[in-house]
Structures are given as structure tokens and as C-alpha cells.
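Source: prediction; values computed, not measured. In what follows, chains carry the letters A, B, and so on, assigned in the order in which the sequence lines appear, proteins first and then strands, with residues in each chain numbered from 1.
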Amino acid sequence: MYKAPRGTSDQLPSEQKYWSYVQDVIESVCMTYGFDRINTPIFESTALFARTVGDQTDVVQKEMYTFDDRGGESLTLRPEGTAPVCRAYLEHGMHVLPQPVRVFYFCPIFRYERPQAGRFRQHNQFGVEAIGDPDPLVDAEVIQLGWDMTTQLGLKKMNLVINSIGDSECRPAYLEALKSYYAGRLDELCKDCHSRFERNPLRLLDCKEESCAPFIAGAPESVQYLCENCKDHWDKLRRYLKSSGLEYVEDHRLVRGLDYYTRTVFEIKPQGGGSQSTVLGGGRYDGLIQQLGGPVTPGVGFGCGVERLIANLKEQTALVKDHRMRKIVVACLGDEAVEAGILIANELRGSGISSVMAPRSRSLKSQMRYASNLNARFTIIIGQDEIVNQTVLLRDMDEGSQKETHVSEITNMISSMVAL
RNA sequence: GUGGGCGUGGCCUAGUGGUUAAGGCGCCAGGUUGUGGCCCUGGAGAUCGAGGGUUCAAAUCCCUCCGCUCACCCCA
């Protein structure tokens, strides 16, 4: 038996209401913030990600789905959404558009990881990018969009966490301070923190080991090492967030895993959420486009895990309406009736009404049961008598009542009743 | 990549050494002529994750592998 590959899953018909609900809300929120949709390819040149995400990051080191195509070119299934959008920005000369360019995407993301709760090898991300404006006002706008989306989805008890990790100007000094702080306590740190010390000191602040907690509490904070420009950016951002009434938590332990982030980083996660609960994460990436060979171009954005959004929706039992149209089932007795039934079903479809033929070579009882199991709104019954009279029986499955109707009137009649 | 838990019809579960593996949900069909939902009856559907071992006898005990799941690393 074939099964969906590890870490992937089918979005079954019964799940579709969540997906269309989330997509609808996302699209309308993005629209109100002036963000337009962009779609990029599902795979890109491997180098695009290796260069921007960072050679030393786990994403590049061990999580990319990379393959050579038949022409020998190394391609990679998109492991994140920002770099492709920046590539498209450059490729299509979007710097001539009014800046910042505001776009959003909704697409599958691939990472070769061990799956667990809230983590998959293929998942869907909704993300936004605002490219071409360094102003903290844009950071605030992007953050507010993300927050608005979660509230409009109906998610409660979410936390917005923000931090600033500086830029190429001031971060080196901070990293030095952090390393010298930790250098004296190396033998007291956990095994993972030893490798963090070497590979990615910022992540020392994110250790979940209890024994490391006291060191984190006393560690130097990046916001205290910000250079003039970064400090100004950080102060203004917070002022903008406050003035729009957004409640946020400053957390100096918040760091992000991708190398391209500068200054602002932020996350939205459910209160008391487990380990893989972050629903939305992003930040500013002022050096990314330059790294792609473009001119110095600032940008800010976030990625949001749609599966995690939906998991939260279900947990909070937020009401999500099923917008599927109820069906009309056409039940026929005899070959002649089937031919008449096909015509009627097609006529209904032509008027935008969902209609299906009941499975053939079954008793009427069985066809009725079928209609009932599909939660059909009406069943149209056609037998010999109806053929002769040019009529059908229209049965209301909710009321349990039925009446004989001339074939020429059936579509109008159903249209008016479905409209109710 | 590392560690824990778990694998019984499509789904949920009983069975923890002894005849044809049990039940619920779902599916299909019947309960007299062309009528659903409730009820009743019946049917289909499982090489008990796979392979090997112990035993007179294995879903049940042991080993290996595979899969799922949770956690770590890391991330949405």
C-alpha cells in the first residue's frame, strides 16, 4: 500500500472548510493593508537559498530537498518564502514601482525534518514582504497585519513578541559580549549549547535546558548594544506599535534561525503553547537583496504556518462555516428516466446548482438513502409515470414532503428555494 | 541525526499464549408493488505493520526491520 510520504498529508474534503476560511481571511486582510499576491516557482536554484538563508543554518545544512535536474542544474524545493520573493523583485525590476513593494504569498514549503506535532516536511506558509523602505513604520505595519490576521481568524490568547538583534554595524560587538559572557561558563552549559557557542551564539539565548536558564537570564541583551541607527529604529518601532494599540512583549531571548535577519525580529504564538507552536515569525532583512547581487534594498516580512493556524483554530473550537453548497440528487427508475435525469441535472448545473445523479442499478430506496447520506437538500425522482406526464417528483429532504412538478419549471423552482 | 511511546477491517476499540480474532462507527443490501433519516436483520471488509525466532500452540513472549507518534536539534 502506498502512503503519503513521511511528513506530508492529504487535505481531505472534510478539512477544506478550514483552508478556504483561512485563505479568505488572509486575502481580505492583505487587501486592506494594500498587499498584492505573488506566486513564485515551487523550486529555485539551490544557491538562492544557500546564500541568503545561511550556509551554517540547519535549513541549508540538513533540511533542503535538493536535486539535479536532467540538465545538471542544482535545484531546491522552496524551504522558505522570502528569498524567492526578493529574487522576483530583482528579476522584474520592481525597484521602479512605488516603494515599498507590498506582496503576500501562500504556498507550500519543503524541509527535510523529522516530523512532530506542528512540524511537517511539506507545509503551507502564508507570508508577506514589504521591500524597499527602511522605515520602522513599515515594520509596524507588517507586524500589525500579522496580528490583525490572527484576530480576524478568531484566534484568542496569542502573544506578540518582539526584539531587535541589530545590524552589521552593531551586532558583531554584541556577539563578542555574548561570547565572552558565556566563555567563562562553558563547562556548566549543556551539550547543545556548546555547539551553539561555536556555530550560532544567538541561539544560546533560546536553550530550553533548565540548567542553562540562569545563564540566559544574566546574559547581555542585544538591545543594549544597538548602534545609533538601530536604536532609533527600535525606539520608533515600539512607539508606532504602541500608538496603534498593539500589545507586545519585548523579549531579548527572541532570535531567529535564518541568517538574513537584521534589526527587528518578531513572533506570534499562542499563550502556553507547546514546543512547535509559533504560528508566525519574521523580521527585517536589510542585507538580503544586496546578497543576491542587487542594490542595497531594505525589506521586512514574515512567514506564517497555515497548518499551525488551523490547529489553533480547531483547538479553540473557533466556529468555521462550511460553505459547501448542498446537493440535489437525481434518482431515476429505468433507462428512459436516466436520460431525462441527465438533462435535468445539466440544466441545474447550468444555473449554478450542485446536482449529482444517484448511483445506477439501485433500488429507489437505495437511491434515497444515498441522497440522505449526502445530506442532499432535494431529491428529484423520475419514474415511468413522470416520463409520461413530463413531470418529476421534487422531494424536500429536510421537510420530508414532495410534490409533482412539470420538468420545465423544475430549475426555477429549485433556484428560488435554494436562494432562501 | 538523537531519544521515548505505539502499530488489530476505512475509522475507533476488545482480546496480553489455546478451537473459525470480538464489538462500535462507517459502507452495502433487505424489512414485498416507485421513497431517505429512526429501528430491526443480513452482507462485504483483517495474511492482527513486515520478516525471523521460542513453543505442541503466538495478535499475545523474544530479536530485527518498517511505519506512525511525541520530544530534542531546528523551525512556520
Side-chain angles (χ1 to χ4, degrees), chain A residues 1-7 9 12 14 53-54 56-63 78-82 106-127 146 150 190-196 199-200 202-203 206-209 255-258 267-270 273-282 301-312 329 331-334 337 358-359 361-387 392-402:
Chain A
M1 268 280 268
Y2 287 108
K3 297 161 85 173
R6 174 160 232 209
S9 58
L12 299 175
S14 55
V53 171
Q56 291 310 307
T57 58
D58 275 27
V59 170
V60 172
Q61 288 271 306
K62 56 181 201 185
E63 293 176 1
R78 171 176 51 212
E80 64 101 32
T82 301
F106 191 107
C107 64
I109 299 282
F110 304 86
R111 286 184 206 155
Y112 186 84
E113 308 183 84
R114 286 282 291 269
Q116 71 185 77
R119 174 195 290 159
F120 316 97
R121 289 187 173 176
Q122 176 180 346
H123 75 280
N124 290 276
Q125 255 182 50
F126 148 62
T150 59
C190 72
K191 175 168 94 339
D192 286 327
C193 277
H194 276 97
S195 65
R196 290 186 179 108
R199 285 180 37 233
N200 190 353
L202 277 183
R203 290 226 74 91
D206 202 32
C207 184
K208 296 180 188 75
E209 202 66 46
V255 294
R256 314 238 62 240
L258 312 183
E267 285 186 0
I268 294 177
K269 44 181 140 189
S275 41
Q276 311 298 327
S277 60
T278 297
V279 137
L280 182 154
F302 65 73
C304 171
V306 180
E307 281 79 0
R308 290 185 186 173
L309 278 182
I310 290 177
N312 277 281
V329 169
C332 306
L333 291 160
S361 58
R362 290 192 187 180
S363 65
L364 180 60
K365 179 191 181 105
S366 159
Q367 295 186 55
M368 294 299 292
R369 186 156 47 214
Y370 175 77
S372 187
N373 289 347
L374 285 192
N375 189 30
R377 181 68 188 82
F378 294 99
T379 302
I380 290 171
I381 302 164
I382 309 170
Q384 270 312 305
D385 299 349
E386 287 74 23
I387 298 274
V392 302
L393 277 178
L394 179 60
R395 183 173 179 82
D396 186 318
M397 298 300 279
D398 293 346
E399 303 289 328
S401 60
Q402 62 190 28

Integer-rounded Å distance: B:A76 C1' and A:Arg121 CZ: 16 Å
Annotated protein contacts, base or backbone, on nucleotides 44-49 of chain B with a non-hydrogen cut-off under 4.0 Å, one of B, S, - each: ------
Point-to-point distance, once rounded to the nearest 0.5 Å, from CG of A:Asp192 to NZ of A:Lys208: 9.5 Å
Nearest-0.5 Å distance, OG of residue A:Ser277 to CD of residue A:Glu267: 8.5 Å
Rounded distance in Å - CG (A:Leu374) to C1' (B:G26): 14 Å
Separation of atom CD in A:Gln276 from atom P in B:C70, rounded to whole Å: 10 Å
Distance test, side-chain N/O of A:Gln116 to OP1/OP2 of B:U69, below 4.0 Å: no
Base versus backbone protein contacts along nucleotides 34-42 of chain B [heavy-atom cut-off under 4.0 Å; B, S, -]: BBBB-----
Check: A:Arg119 main-chain N/O paired with A:Glu307 side-chain donor or acceptor under 3.5 Å: no
Same-atom distance (C1') from B:C62 to B:U55, integer angstrom: 12 Å
Spacing of CD1 belonging to A:Ile387 relative to SG belonging to A:Cys332, to within rounding of 0.5 Å: 8.0 Å
Rounded distance in Å between the P positions of B:A14 and B:C65: 28 Å
Inter-residue atom distance A:Arg377.CZ - A:Asp396.CG, 0.5 Å rounding: 4.0 Å
Nearest-angstrom distance, C1' atom, B:U2 to B:C63: 22 Å
Pairing string, 5' to 3', for RNA chain B - Watson-Crick or wobble contacts under 3.5 Å, brackets [ ] where pairs cross, | to another strand: ((((((((.[[[[.)..(...]]]].(((((.......))))).....[[[[[..)....]]]]])))))))....
Set of residues satisfying side-chain contact (heavy atoms from CB on, under 4.5 Å) with respect to A:Gln125, sequence neighbours excluded: A:Tyr105, A:Ile109, A:Arg111, A:His123
Atom pair distance, as rounded to whole Å: CZ in A:Phe126 and C1' in B:A76: 12 Å
pair A:Cys193-A:Glu209: side-chain heavy atoms closer than 4.5 Å: no
Of the listed nucleotides B:A76, B:C73, B:G30, the one nearest the side chain of A:Ser363: B:G30
Sugar-phosphate only, base, or nothing, as touched by A:Phe302 at under 4.0 Å among non-hydrogen atoms: nothing
Flag, side chain of A:Glu113 to backbone of A:Glu63, donor-acceptor distance under 3.5 Å: no
Euclidean distance, atom CG of residue A:Leu12 to atom C1' of B:G10 [Å, nearest integer]: 12 Å
Main-chain N/O of A:Phe378 paired to A:Arg395 side chain as donor or acceptor, under 3.5 Å: no
Sugar-phosphate only, base, or nothing, as touched by A:Glu63 at under 4.0 Å among non-hydrogen atoms: sugar-phosphate
Student check: side-chain heavy atoms of A:Val59 and A:Glu80 closer than 4.5 Å: no
Residue mapping more 5' on RNA chain B - nearest nucleotide basis, A:Tyr112 or A:Asn200: A:Tyr112
Base of B:C73 paired with side chain of A:Lys62 (donor-acceptor, under 3.5 Å): yes
Test item: A:Arg308 side-chain N/O and A:Gly118 main-chain N/O as donor-acceptor pair under 3.5 Å: yes
Gap between atoms CD and P, on A:Glu113 and B:C72 respectively (whole Å): 12 Å
Nearest-Å distance once atom C1' is located in both B:G43 and B:A50: 31 Å
Touch class at under 4.0 angstrom, heavy-atom based, for A:Glu307 against every strand present: nothing
Would you tabulate the pairs of protein nitrogen or oxygen atoms and nucleotide nitrogen or oxygen atoms of nucleotides 65-68 of chain B closer than 3.5 angstrom?
from, atom 1, to, atom 2, distance (Å)
B:G67, O2', A:Lys3, NZ, 2.6
B:C68, OP2, A:Arg6, NE, 2.9

Touch class at under 4.0 angstrom, heavy-atom based, for A:Gly127 against every strand present: nothing
Salt bridge (Lys or Arg N to Asp or Glu O under 4.0 Å) against A:Asp58, all qualifying residues, sequence neighbours excluded: A:Lys62, A:Arg199
Charged tip of A:Arg121 within 45° of A:Tyr112 ring normal and under 6.0 Å: yes
P-based separation of B:G18 from B:G51 [nearest Å]: 22 Å
Side-chain N,O (A:Arg196) to OP1/OP2 (B:C74) below 4.0 Å: yes
CD1-CG distance between A:Ile381 and A:Leu393, expressed to the nearest 0.5 angstrom: 5.5 Å
Length of the line joining A:Lys191:NZ and B:U2:C1', which is rounded to integer Å: 7 Å
Spacing of the P atoms in B:G49 and B:A21 (rounded, Å): 15 Å
A:Ser9 vs A:Phe120 side-chain heavy atoms within contact, under 4.5 Å: no
Nucleotide B:A76, atom C1' - distance to CG of A:Leu309 in whole Å: 9 Å
Euclidean distance, A:Arg369 CZ relative to A:Ser366 OG, rounded to 0.5 Å: 5.5 Å
Distance, P atom - from B:G24 to B:C38, rounded to whole angstrom: 16 Å
P-based separation of B:C6 from B:C74 [nearest Å]: 28 Å
